[in-house]
Asker: 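The structure is given below, and queries will be raised subsequently.
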2 protein chains.
Amino acid sequence: MAADHLSPKFAALADPTRRAILARLALGESSVTELAEPFDMSMPAISKHLKVLEHAGLIARGREAQWRPCRIEPQALKDVNEWLEEYRRLWEQRLDRLEDYLRKLQSKAPKEKKRGRKK
Amino acid sequence: MAADHLSPKFAALADPTRRAILARLALGESSVTELAEPFDMSMPAISKHLKVLEHAGLIARGREAQWRPCRIEPQALKDVNEWLEEYRRLWEQRLDRLEDYLRKLQSKAPKEKKRGRKK
DNA sequence: AGGTTAAATAACCTTTCGGTTAAATACAGA
DNA sequence: TCTGTATTTAACCGAAAGGTTATTTAACCT
């Protein structure tokens, strides 16, 4: 157990073409040809991208006649999110510090009012 | 503007060694040698991993005498989180459907009680 | 100045990635 | 059964990834 399922997911997401494909699939199922349409790229290239996404668990594919409709697999993104969650406090903490800083600036502001502003 | 800052971040996260380094840095600053210690890997290899993380904006490095302490840059992870947010409804939606399904199962359950259970 | 420690760089190697074109496969429909 | 349409597979290519060892740089400490 505990194989590294995250690496292939991150690797799949590291390509803008594949992220664009995911964005498209977030709107609904689509065939390979439809998915390929926006890109200036050969069909085999798209086919390879889809295979990468599939192996990462980010998409799944059905079969309808000669079409192989693709759909997004949200669970895979949820897995990524769960990894990220471990770090959430880090950026929220930093945000808190920024808020503290801004609050301090604001409480100082009245004193500063007397000074002229640089043109 | 609008350069692709996400690809290098995802690419950096696609390696388990680098994710382990990040996990370590989430606990606090660390020198390169300290970071290298848990891995069965040469120092230059670690050095390269750190460079990848740095270029992705995931870590930053200081200078203290002959040490180059590394620290995590939470903002980069926040950026990844923001990308992921666009898809959140997808997995939450699916979870809702599962909950609906389980609720239906439960309301059906009393009827099922009368049947014997398979051994 | 000389020696030690911390880290980066250079040069190299093998594997993987992202693309190509050409050929093969799978199915639908006349 | 032949033809067109959708998609994959095969073979190839150059570039990038991830590792190595050997060398270099940088800063500290006598």
Side-chain angles (χ1 to χ4, degrees), chain A residues 3-25 28-73 76, chain B residues 3-25 28-73 76:
Chain A
D4 174 14
H5 65 289
L6 278 173
S7 293
K9 286 181 177 63
F10 280 123
L13 295 175
D15 184 285
T17 301
R18 289 193 290 260
R19 290 200 304 280
I21 289 174
L22 274 188
R24 169 69 186 73
L25 290 177
E29 277 199 9
S30 187
S31 74
V32 178
T33 312
E34 281 169 350
L35 287 174
E37 197 270 327
F39 304 101
D40 185 19
M41 205 179 285
S42 67
M43 286 293 293
I46 300 294
S47 203
K48 282 187 184 181
H49 281 306
L50 293 175
K51 192 175 284 183
V52 171
L53 287 167
E54 188 180 20
H55 287 152
L58 285 158
I59 67 169
R61 300 152 117 170
R63 236 160 224 249
E64 262 178 63
Q66 65 267 60
W67 293 274
R68 247 133 290 188
C70 301
R71 63 177 183 281
I72 199 168
E73 279 294 347
Chain B
D4 174 14
H5 65 290
L6 278 173
S7 294
K9 286 182 178 62
F10 279 123
L13 295 175
D15 185 286
T17 302
R18 288 193 291 258
R19 289 199 305 279
I21 288 174
L22 275 188
R24 170 70 185 72
L25 289 178
E29 278 200 8
S30 187
S31 74
V32 178
T33 312
E34 281 169 350
L35 287 174
E37 197 270 327
F39 304 102
D40 185 19
M41 204 179 287
S42 68
M43 286 292 292
I46 300 294
S47 204
K48 282 187 186 181
H49 281 305
L50 293 175
K51 191 175 284 182
V52 171
L53 288 166
E54 189 180 19
H55 286 152
L58 285 158
I59 67 169
R61 309 207 234 188
R63 236 161 225 251
E64 262 177 62
Q66 65 267 60
W67 293 275
R68 247 132 292 188
C70 302
R71 62 176 183 281
I72 199 167
E73 279 294 348

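Throughout, a chain's letter reflects where its sequence line sits, starting with A, and its residues are numbered from 1.
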Asker: I'd like to compare against my own output: the B/S/- annotation of nucleotides 17-29 of chain C with a strict under-4.0 Å heavy-atom distance to protein.
Answerer: -SBBBB----SS-
Asker: Do A/V52 and A/D15 have side chains that approach each other closer than 4.5 Å (heavy atoms only, starting at C-beta)?
Answerer: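 A side-chain contact is absent here, since even the closest heavy-atom pair is not under 4.5 Å.
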Asker: Please confirm whether the backbone N or O of A/R68 pairs with a side-chain atom of A/R63, one donor and one acceptor, at under 3.5 Å?
Answerer: no
Asker: C/dA8 C1' sits how many Å from B/I46 CD1, rounded?
Answerer: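 Spelled out: CD1 on B/I46 to C1' on C/dA8 is 14 Å.
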Asker: Is it true that a side-chain atom of A/S31 and a backbone atom of A/P69 form a donor plus acceptor pair closer than 3.5 Å?
Answerer: no
Asker: Kindly write out the residues that satisfy salt bridge (Lys or Arg N to Asp or Glu O under 4.0 Å) with A/R61, not counting sequence neighbours, or none if the list is empty.
Answerer: A/E54
Asker: Do A/S30 and A/R71 have a side chain donor and acceptor closer than 3.5 Å?
Answerer: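 No pair is found: no donor N or O on one side chain lies under 3.5 Å from an acceptor on the other.
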Asker: For a 4.0 angstrom threshold against heavy atoms of chain A, report the outermost contacting nucleotides of DNA chain D in 5' to 3' order.
Answerer: D/dA6 to D/dA11
Asker: Determine, stepwise, if the pair A/L58 / A/E73 fulfils side-chain contact (heavy atoms from CB on, under 4.5 Å).
Answerer: CA-CA 5 Å; A/L58 285 158; A/E73 279 294 347; 5.8 Å; no
Asker: With the threshold set at 4.0 Å, does a side-chain nitrogen-carboxylate oxygen contact exist between A/D4 and A/K9?
Answerer: no
Asker: Check the pair A/M43, A/T33 against side-chain contact (heavy atoms from CB on, under 4.5 Å), reporting the backbone distance first and the verdict last.
Answerer: CA-CA 8 Å; A/M43 286 293 293; A/T33 312; 4.2 Å; yes
